[in-house]
Amino acid sequence: MADPAETLLRGLNPPQREAVQCVDGPLLIVAGPGSGKTRVITHRIAYLNRKVGVSPGRIAAVTFTNRAAREMRSRLGALLGDGAGRLTAGTFHALCAMILRRDGEAIGVPNDYVIMDDEDQMSLVKQAMEQTSVDSKRFPARAILSAISRAKSQLLGPDALAAQSDGFYDEVVHRVFAAYQAALARSHAVDFDDLLGKTVELFRRDHAALGRWQERFIHFMVDEFQDTNTAQYELARQIAGRHRNLAVVGDPDQSIYSWRNADIRNILSFQKDYPEARVVRLSQNYRSTETILQAAQRLIRGNSQRIEQDLFTENARGVRIRLVEAYTEEEEAQEVAREALRLTREDGVALRDCVVAYRVNAQSRAIEEACLRYGLRYKLIGGVRFYQRREVKDLIAYLRLLQDPYDEVSLTRVVNVPVRGIGKRTVDELVAWARSLDVPAYTALQLLADQDDYPSPFDARQKRRLTDFLALLNELSALKPTMEAPQFIDETLERSGYRRALLESDDPDAEDRLDNLREFRGLSAEFAGEPASEALPRLLERVALVADQDAIEENEEQYLTLITLHQIKGLEYRVVFITGMEDGLLPHSRSLDDPDQLEEERRIAYVGMTRARERLYLCRALRRRMFGAMGAGLPSRFLKDVPPDLIEKPDRSGRRSEREAARVFRAPAAAANGAGGAPPPFRAGEKVTHPAFGLGVVVNCASRPGDYEVTVAFAGNQGVKRLLHSYGKLERAGA
DNA sequence: GGTTTAGATGTTTTT
DNA sequence: CATCTAAACC
């Protein structure tokens, strides 16, 4: 029994063991929620090491987020110790960045390439549309971009798209597509889809390079396989092409990224491409109570396009799912906050064990406000992401420009930030002039500076300003090898005048912005110990690829987590609140008219529900602010699919009058304490009656936003209850 | 060329 | 409702 490999199998059920031990050849694991699939993957890696002697360094494990990769590493560390550090774990994008950094030049991806984010892509598409005179009124740039992105994630270039084009729209897309790719190339840039597509292209063309990576990773594993797109799957097949040790783990019912071109059919393709593949199903749920699992199962059965998985659990039945119905978004948030508070005080639940999940980021605001009001610490995941903030993007644009002067998007972004008298008109002229000379904008600037008499469209004043800017870039570039990244960032902010402009501006957020810049500088400290010229490419790559800046920290701090239903995938909490269970929000209004999208919305709800271990709250508001106006919210159609006997409904008989609802609606934030200044309705010690609970004695009367919460000890075995005064069911006894 | 303002406009999810 | 755009104004 001293066999270290055997100990890894302890505590696993038979299918889990099978998945762990099946270390030769292709493997498909279809795993329901809470089935311990992450555990199976890490154990499999450890088993490969202990039993077969495969070093973790020869294994690539692709995860959906960087967070998941980090988690996998630490789990593996617990099993294997030091050796685990050599595992290559990360997203497909990170893996591709690594490959391209080393071998990309073979297909013309320059060593110093930069990665464009979606905002940059948008501006490039708009520019490409102007260039090809495509009317942005008739063809929204966003739609064109998503068509381009769809084509790219299916490994179609402009020409391939044109070849299978069917109609005018594709023709338009094709034109913009080609111009867009040209603009990327001119800027030495790749977008997220290129990262994948160029790597696939590299492996198609350069078999020596492919062979090296095939030998490097003799085992390849993909988690969340249901959310991979065509390019990602192709890449996995390429790398696993020699050893055929490709293991994929997925759950079709949790596929929620089709809008990012994830293709659930990859699971079918896998079985076709690897007919010899072993298929293992993990159906036992170790996470949730039976009630929660059953409710989720019933919900997901509402989808017609699916294969039934018979999930089961041996966990206890647990408490019923609570339905929370509030009048407004604010009340919904307050009820959530109040309940979270109650759980921490009465039920021994830590605040960290609770999570509030919602469909759209905008919903977080009401919750945040409720948390502030009740003094709950919270942590917002996602939201306006750090790297997207204006000042951070400005700084990144400077750094990118200093790494790659041909990055035109960055150049036009910062050429007049802070204002240097180089307005839109001048910038347009510069870009047009550069294009007429068929050189990048940066080269045009150099021309302007070096050849005094070269004919240009600029007068002396503009010429002076432009060459001053060029001088600034060159000056900073010269500093790059002489100092470390944090110091270089300081110099950039100083010499560009950015910091000073921010200090002198009357922007009310100036302080925050400086804080953010300081924070960014702090991040760059990780790359200290080497000159900025070395650190910059890796720093910028990190910035582009690692989106989960506000990662969930594994510390002891107590806070309520606020997160979207998309980001919560892969996590679990004892208590889950899902807010906005309304038609139009979940399912989202943009998905209502498409059956396929509607099924995806249902899967999103399913993912949310199955995150809960013990308690699940489904919350909705009758009225919600949308488009600036209030709209009536109908309950989510998904609620109907949850069996009523699994749900505990609010006491409808005690519902407040419509008039009172209107009052709350008009002044939702009125009176943070007590009912608008009204005196407490009862005092401790008073005798009261309740229609359902009978006679009781008031224990306490605490003020609540817009209300009072009365604690009453009822006679007999009714026990102590907390009731909201506005429900109006309590009356003074003995009158 | 810069700045302010009114007006329109468009609202999901993220590596 | 908040953010972006275009046009008027400085």
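Protein chains get the first letters and strands the later ones, always in sequence-line order, with residue 1 at the start of each. Quantities reported herein were computed from a predicted structural model and do not represent experimental measurements. Atoms considered below: every heavy atom in the structure, side chains included; atoms not considered: hydrogens, waters and symmetry mates.
The separation between A:M98 atom CE and B:dT15 atom P is 20 Å, rounded to whole Å. A:E119 has its CD atom 14 Å from the C1' atom of B:dT14, to the nearest Å. For the pair A:H566 NE2 and B:dT13 C1', the interatomic distance rounds to 4 Å; values are reported in whole Å. Taking atom CD of residue A:Q567 and atom C1' of nucleotide B:dT13, one finds them 9 Å apart after rounding to whole Å. For A:F92 and B:dT15, the CZ to C1' distance is 12 Å, given to the nearest whole Å. One interatomic measurement links the two molecules: CG of A:N361 to C1' of B:dG10, which rounds to 17 Å at whole-angstrom precision. B:dT14 atom P lies 16 Å from atom CG of A:L545, rounded to whole Å. Spacing between atom CD1 of A:I568 and atom P of B:dT14 amounts to 12 Å, rounded to whole angstrom units.
There is a side-chain donor-acceptor pair under 3.5 Å between A:E368 and A:Y378. Side chains of A:D193 and A:S153: a donor-acceptor N/O pair is absent below 3.5 angstrom, by distance only.
When distances run from any side-chain atom of A:R465 to the nucleotides B:dG1, B:dT14, B:dG2, the shortest one goes to B:dG1. Side-chain proximity of A:T564 to the nucleotides B:dG1, B:dT11, B:dT14 is greatest for B:dT14.
In terms of phosphate contacts, A:S589 brings no side-chain nitrogen or oxygen within less than 4.0 Å of OP1 or OP2 of B:dT11.
Among the heavy atoms of the strands, none lies under 4.0 Å from A:L565. Backbone-only engagement by A:R365 is indicated by non-hydrogen atom pairs under 4.0 Å involving sugar-phosphate atoms exclusively. Within the nucleic acid shown, A:N261 has no heavy atom closer than 4.0 Å to any nucleic acid atom. Among the atoms of the strands shown, none is found under 4.0 Å from any heavy atom of A:S591.
Enclosure of atom CZ in A:R465 by more than 12 non-hydrogen atoms of other residues, nucleotides or ligands within 6.0 angstrom is indicated.
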Exercise for review: Show your working on side-chain hydrogen bond (donor to acceptor under 3.5 Å, both in side chains) between A:E600 and A:S258 and close with a plain yes or no.
Suggested key: CA-CA 8 Å; A:E600 178 145 321; A:S258 71; 2.7 Å; yes
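Ring planes of A:F270 and A:Y233: tilted class, angle from 30 to 60°.
When both distances must be under 3.5 Å, the Watson-Crick or G-U wobble mate of B:dT11 does not exist.
Ring-base stacking between A:W259 and B:dT13 is satisfied, the centre separation being under 5.5 Å and the plane angle under 30°.
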